Structure formats: structure tokens, C-alpha cells
Amino acid sequence: MNEKTNENSNFIHDFIDIDLEEKVYDHVHTRFPPEPNGYLHIGHCKAMYINFSTAEKYHGLCNLRFDDTNPIKEDVEYVESIMEDIKWLGFDWEDRLYYASDYFEELYEFAEHLIKKGKAYVCDLSQQEVREYRGTPTEPGKNSPYRERTVEENLDLFRRMRAGEFPEGSRTLRAKIDMASPNLNMRDPVIYRILKSSHHRTGDKWCIYPMYDFQHPLSDALEGITHSLCSLEYEDHRPLYNWVVNECEPEHRPRQIEFARLNLTYTVMSKRYLRELVETGIVSGWDDPRMPTLCGLRRRGYTPEALKDFCDRIGVAKTNSTVDYALLEHCIREDLNKKADRVMAVLRPLKVIIDNYPDGQIEYFEVENNPENPDSGTRNVPFSREIYIEREDFMENPPKKYFRLYPGGEVRLKGAYFIKCESVLKDPLTGDIKEIHCTYDPASKGGNSPDGRKVKGTIHWISAAHAIDAEARLYDKLFSVPNPGEDGREYEDDLNPNSLEVLTDCKVEPRLREASMGKGYQFLRMGYFCPDSKDFTKERPVFNRIVGLKDSWAKVAKK
RNA sequence: UCCCGGUUUGUGUAAUGGUAGCACAACUGACUCUGGAUCAGUUUGUCGAGGUUCAAAUCCUUGACCGGGAGCCA
């Protein structure tokens, strides 16, 4: 399936082609650098896909590197979940698992190198003062009074910073670049800060930690990364990235290329919003099936194949764009259409009694598991006098073009018989339909009538005596508008009140008691479902709706 | 206001001076024991204004609009 990938090109590949041609590099080596401070979402999936598939296209390698230089925010808990998600998607970093924290010693050496070259200095300005000295986008900054310290003094101070002699926040190491640069990132950026907090991997060994802008290009260089692919927000940092590479003089010289991050309609993607959704209980957790997190999508029933296909289709560019959620749905439908076994499940049951069918008789009908895949075989489903059909498959007063069941009308029960509705039994008090009575045509056994009579509708059904009870969770988009929080609204105002409907009285085929975890099923005519990884038990099967089937009747009915 | 980036149909994304294409969405129709799938077809686009050229989405000038940027976050 990745053959398709390799045919595609994009502006990053164009740059790489030129680099290869001009012999700037003779191979391609990328990296995926998550910060272990949260859960991965579908936006990360895009970044991962770009990095891994680019390496693959050029027969190169892609590393996994945790960008863990801020001990305050990071935790091993996230390292585990991130690796799990990447593995699940099927990306393989082989033996190249790295941590920026592994490079603390080398990074420190590079910093001393900079000091010795007169390109970095220890600054005693407070955080507030640094901000004031920085200037604004329209006004240049002012030089720090500590900018002209001697190399010896800087070296001494920096070593004492490392030794823990100074309190947190009292001093920083800054790159000596240009306080008048129109690019704020070049106005003597801080490259080391004192942080007296223990790190999830290095413990209390360090009390100074490198900043991203210093650490990242050097980590890339140390790993021999050729193309450091990142999102657009780092575009303004590229001059600094290059400055660090040029001044530190590492053996390898990586190149940074930026692309636009993924936005999806009907979705929020920022870590902050996702966290709020979890913390306020709007969703049940990071893995709530409505979340765009990879663990959420996995629990929802999305497959790695569908997600990667999606990443392939959305392309790579520098334009800020918002991809239509419908494309994601298309990808999972397309994947599951080929793979998912069909099964009959009645979500909102309506009892049907076939008056002329012998009481106590049971027949088995052979139905195919997946018409799209002959290899999937067939199964036998039991039929009897009392069955359930979907409530929406019967209407007492049908509109035009409704070709399901109605009084006097005839439909085919999938794989079984034609039945005709003879009467409707209602609750005398509420008027609710309790059950309907039908007659069947014995000659239509298997679903066809020898007299050539046609029926327009085929509906799914389940033998009442054989059905097992199940719960279905009908998930829909978390938000009801394409761009939540747009036009000054709060994103909470745009939540879809119907993003979850729980149906507890479903009737499904007995085989679903043995449903395999992680596998998607098509509930015939209803949509794709999968067993819920947390709540499914044989005693109480619980299914999540992954996505509905395209429903052209719904469109007609709306008119 | 300063710096950086961007603008191709409803949404994404190609076309790198030479037929504006593909996918999703939408809409027709065919077929169907899933109103699914499949198949066939249709609609809609180069941000504006100038210029260069036989020829411009592409090059030049200029304007508009959108996104990002003043963490000891990444």
C-alpha cells in the first residue's frame, strides 16, 4: 500500500531531490521528535507519517527521539503511551530510540565551545528584565549589561551554574547574536536555564537544561539527521537553527524544512483544549472514542491502515488548511468495506411475528460474511417465527419512495423469506407500536420468489429466540460546527449534544459474543462497529459505532 | 507598525513558462438480496490590478486578505 506513497511527491521531496542531486547529502535520515508531555493525536500522525514515509521513499531511516529537555512538563507515563501509539500505527524506529536527554553532556560541551568562541555569555538579567531588553517586533532590543563578559568569566560562571551554585532563574546562558535583529528569536536567545527539578531520565544529575532552539539542531546533528521536518511554527526559528549548527560546528549539518500542521473540521487539536475536554469530564478520558487522540481513534475502531491512507491523501504543503472530516470517514469506510465481516444487528428492535410460520420451527440460512471478499466465507443464521427488525424499517404511514415494510407491503428479510405486513399491534394507552404481524411466502425461501416477483426493500433481522442482548454506543462528531470556537465563540459552545447515544436494548447475532478486539464489523445497513476495548465482555457485549454507512435514504427522507 | 510564511472549485492537493488534473464532498443515472459497495457521468477554481511573453497559476511590479512571531515551553 505504500507503493502509492512513493509515487507521490511534495515540496519537501523536491527539496530533498535537489539536495541529493547537488550532493549536499548522499542519503536521507529523518526523525520523529515528540515531547513526552501528552498524548499523541491525529496531527502527530501526520508528522510521523511525513517523517517515516519520507525516509522510506529514499531508502533512508527515521529515528524516534523524545524531546525531553523540560523536566517540569515531561513524564515517563507519556513515553510509554507514545511508543505504544507509534507501534500500533506500524511505524518502526528499529533500534533507533533516542532521548534528547541522552545528549546532555555533549550539549554542554557544545555550549562551552560557544562560550570559548565568544558566541555565548552568562546573563544575570531576571526573566522580567530579559523581556524588557528584548524590545518589540517594531523596536530593536538593548544589549544585556552582561553581554561583554570575558570568556574566562563566562566559562567560570557557566560551570558554576552546572555545579548548582546559583538559584533557579538567577542566570541563563545566552547566545550572542544580534539584539537588533528583526527576528526576535535571534535577539540573544536563552540557550540554557537553571531548573532545579529532577528529570524523568537523568534524575538530579543536572540543574541546567538546554532550550529547544539549542538542543534540537544539535540532537539532529548528533544523530546524523539530514532533513529535520517540523511544523510551520518553527519557521521563524530556522535562522537560529542554522546559527547553532554553524557556530557549534558539529560533524553533520542537518537541514530544517517546515510544513503545515493538520487541522480537521469538527475537531479541536490543541493539547490545551484536549486536556480541558478530559479534565472537565466532557469526554470520558484521553481515549474517549470521540477524541482525535490516537488512543481515542483506536478505541473508536479506526485502523492504522485507514489513518495512514488519510495522511497520504491530505498531502503536504505550507498552506494553513483544514481538512474535511468527511475524508477521514471515507478512509475508514474504504478500509473496513474490504475487511469487515457483515453481521446482522438490530439496534432498535421491533418484534415481528410471522403468523403462518410453524411455531417452534427453526431454519438456518447461509449468508456471506463479506460480499466484497469471497475468501471471508459464509455463516448460517437461525430463523424462526418471531424475529426482530429495526424500528425504522417499518412505517405505518410511509412517505413516497419508502421501500421498507408498511401495512400491506412486502420486503425481503436478508437471506431468508419475503414477508408481508398484515397488521399492527399497538399499546391501547400510548398508541406505541408493540409488534407487527406478517405472513411469509414459503416459496421465497433463500430470498427469491420463483414467480419472479420483485421487492424493493431488503432488511436485516434477527431471530428473537437466538438473539443476544448488546449495547451499542453511537458516536458522532464531538462538535457540531466545522470550526469550533470560531467567530469569538467558546469551543464548548459548539459541542455536539448528540455526539454519543447509548442503545442498551440491541439484539445481535450470537457470534458477536466472540467478537475480536480491534476488529471492525459491519452491522448490516447500520454502520461499522467494533467491540469496546474497555467495556466489552461476553456477558455484556458493548460495541462502538466507528462510522455509519453512507445513507442515501436519509437524504431522500429529508426532502 | 516590524519580521517570516501563505493564497489553485465546497475541502485538500497537483501542474516548476505550453491542454488547469486528482481525491473527498455534492448532484445525475445504471446496477444491486445492504437505500452499502460498484460503475458511468455532471457542476464548481488560479485573491485583485498592472506588466513581460507567441504563451503566465507559474516570471516582474503593486495592492488585498489570511496565518505565525516579543517563554528561562516545545
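Lettering of chains follows the sequences in order, A, B, ..., and the numbering in each one begins at 1. Just so it is clear, the structure is predicted and the values come from calculations on it, not from any experiment.
- Taking the charged nitrogens against the carboxylate oxygens, Asp124(A) and Arg149(A) do have a contact shorter than 4.0 Å, which makes a salt bridge.
- Taking a pair to require two hydrogen-bonding distances under 3.5 Å in either a Watson-Crick or a G-U wobble arrangement, rC72(B) remains unpaired.
- Positionally, the nearest nucleotide of RNA chain B for Glu235(A) lies more toward the 5' end than for the other of Glu235(A) and Glu368(A).
- rG51(B): glycosidic angle beyond 90° from 0, hence anti.
- Using a 4.0 Å heavy-atom distance criterion, Tyr192(A) is classed as making no nucleic acid contact.
- Taking atom P in both rC27(B) and rG63(B), the straight-line distance is 44 Å, to the nearest Å.
- Between Glu372(A) and Lys339(A) there is no salt bridge, since no side-chain N of the basic residue sits under 4.0 Å from a carboxylate O of the acidic one.
- rU52(B) sits 32 Å from rC66(B) when the P atoms are compared, rounded to a whole Å.
- A sub-4.0 Å separation between OP1 or OP2 of rG71(B) and a side-chain N or O of Arg131(A) is present.
- Remark: rG17(B) base-pairs with no nucleotide in the shown strands. Criterion, Watson-Crick or G-U wobble with two distances under 3.5 Å.
- For the OP1/OP2 pair of rU34(B) and a distance below 4.0 Å, the side-chain nitrogens and oxygens of His460(A) include no atom meeting the criterion.
- Taking atom C1' in both rA64(B) and rG50(B), one finds a spacing of 15 Å when rounded to whole Å.
- Relative to the side chain of Thr322(A), the nucleotides rC72(B), rG68(B), rG12(B) differ in distance, and rG12(B) lies closest.
- Remark: rG10(B) base-pairs with rC24(B). Criterion, Watson-Crick or G-U wobble with two distances under 3.5 Å.
- Taking only side-chain atoms of Glu35(A), from C-beta outward, the nucleotide of rA70(B), rG35(B), rA74(B) with the closest atom is rA74(B).
- Taking only distance into account, the side chain of Arg404(A) meets the base of rG35(B) through a donor-acceptor pair shorter than 3.5 Å.
- Contact annotation: Ser321(A) reaches the phosphate of rU13(B) (side-chain N/O to OP1 or OP2, under 4.0 Å).
- Residues Leu512(A) and Phe543(A) form a side-chain contact, since some pair of their non-hydrogen atoms from C-beta on lies under 4.5 Å apart.
- Among the atoms of the strands shown, only primed sugar atoms or phosphate atoms (P, OP1, OP2) are found under 4.0 Å from some heavy atom of Val316(A).
- rU8(B) and rA57(B) have their P atoms separated by 15 Å, given to the nearest Å.
- Taking the side chain of Thr138(A) as heavy atoms from C-beta on, and the options rA25(B), rG5(B), rU1(B), the nearest nucleotide is rU1(B).
- Within the nucleic acid shown, Thr136(A) comes within 4.0 Å of at least one base atom, counting heavy atoms only.
- Comparing the P positions of rA56(B) and rG17(B) gives a spacing of 14 Å, expressed to the nearest Å.
- Ranking rG71(B), rA74(B), rU34(B) by closeness to the Thr69(A) side chain, first place goes to rA74(B).
- Residue order along RNA chain B, read from the 5' end via each residue's closest nucleotide, puts Tyr402(A) first among Tyr402(A) and Ser126(A).
- Put simply, the side chain of Gln522(A) and the base of rU34(B) share a donor and an acceptor less than 3.5 Å apart.
- The residue Arg134(A) sits close only to the backbone: its heavy atoms come under 4.0 Å of sugar-phosphate atoms, none of a base.
- At the heavy-atom level, Asn37(A) lies nowhere under 4.0 Å from the strands shown.
- Remark: rU58(B) base-pairs with no nucleotide in the shown strands. Criterion, Watson-Crick or G-U wobble with two distances under 3.5 Å.
- Base engagement by Pro371(A) is indicated by at least one non-hydrogen atom pair under 4.0 Å involving a base atom.
- With Phe166(A) as the aromatic partner, Arg171(A) meets the cation-pi criteria of under 6.0 angstrom to the ring centre and within 45 degrees of the ring axis.
- The nucleotide whose nearest atom lies closest to any side-chain atom of Asn337(A) is, among rG36(B), rC72(B), rG35(B), rG36(B).
- Among the atoms of the strands shown, none is found under 4.0 Å from any heavy atom of Asp213(A).
- The nucleotide whose nearest atom lies closest to any side-chain atom of Val130(A) is, among rG35(B), rC72(B), rA74(B), rC72(B).
- Using a 4.0 Å heavy-atom criterion, one finds that Met526(A) contacts no nucleic acid atom at all.
- Not less than 6.0 angstrom separates the ring centroid of Phe310(A) from the ring centroid of Tyr302(A).
- OP1 or OP2 of rC27(B) sits under 4.0 Å from a side-chain N or O of Lys555(A).
- Remark: Arg525(A) is in phosphate contact with rG35(B), judged by side-chain N or O atoms under 4.0 Å from OP1 or OP2.
- In this structure the side chain of Thr322(A) reaches within 4.5 angstrom of the side chain of Asn483(A), judged on heavy atoms.
- Atom name P, nucleotides rG41(B) and rA55(B): the rounded distance is 35 Å, in whole Å.
- Using a 4.0 Å heavy-atom criterion, one finds that Ser552(A) contacts the sugar-phosphate atoms exclusively.
- Base-pair partner of rU46(B): not found among the strands shown (Watson-Crick or G-U wobble, both distances under 3.5 Å).
- Within the nucleic acid shown, Lys456(A) has no heavy atom closer than 4.0 Å to any nucleic acid atom.
- Of the listed nucleotides (rC24(B), rU34(B), rG35(B)), rU34(B) has the atom at the smallest distance from the side chain of Lys414(A).
- rG35(B) is unpaired under the criterion used here, namely a Watson-Crick or G-U wobble arrangement in which both key atom distances are under 3.5 Å.
- Taking side-chain N and O atoms only, Arg193(A) has a distance below 4.0 Å to OP1 or OP2 of rC73(B).
- Checked against rG12(B), rU34(B), rA70(B), the side chain of Ile314(A) finds its nearest nucleotide in rG12(B).
- For Asp67(A), counting side-chain heavy atoms from C-beta on, the closest listed nucleotide (rG69(B), rA74(B), rG12(B)) is rA74(B).
- Side-chain atoms of Asp236(A) and base atoms of rG68(B) include a donor and an acceptor less than 3.5 Å apart.
- Across every strand in view, rG5(B) sits in a pair with rC66(B) that passes the Watson-Crick or G-U test at under 3.5 angstrom.
- Residue-environment remark: NZ (Lys318(A)) exceeds the threshold of 12 foreign heavy atoms within 6.0 Å.
- Residue Lys550(A) has no polar side-chain atom (N or O) positioned under 4.0 Å from OP1 or OP2 of rU34(B).
- His237(A) comes within 4.0 angstrom of a nucleotide base, judged by non-hydrogen atoms across all strands.
- A donor-acceptor contact closer than 3.5 angstrom is absent between the side chains of Asn380(A) and Glu366(A).
- Note on Tyr209(A): nothing from the nucleic acid sits closer than 4.0 angstrom, heavy atoms only.
- At the heavy-atom level, Leu232(A) lies nowhere under 4.0 Å from the strands shown.
- Within 6.0 Å of NZ on Lys271(A) lie more than 12 heavy atoms contributed by other residues, nucleotides or ligands.
- Among the heavy atoms of the strands lying under 4.0 Å from Glu372(A) is at least one base atom, whether or not backbone atoms are also near.
- The gap from the P atom of rU32(B) to that of rG18(B) amounts to 47 Å, rounded to the nearest Å.
- If you look at Phe104(A) and His199(A), their ring centroids are closer than 6.0 Å.
- Across rC24(B) and rU42(B), the matching P atoms stand 16 Å from one another, rounded to whole Å.
- In this structure, of rA70(B), rC4(B), rU7(B), it is rA70(B) that holds the atom nearest to the side chain of Pro137(A).
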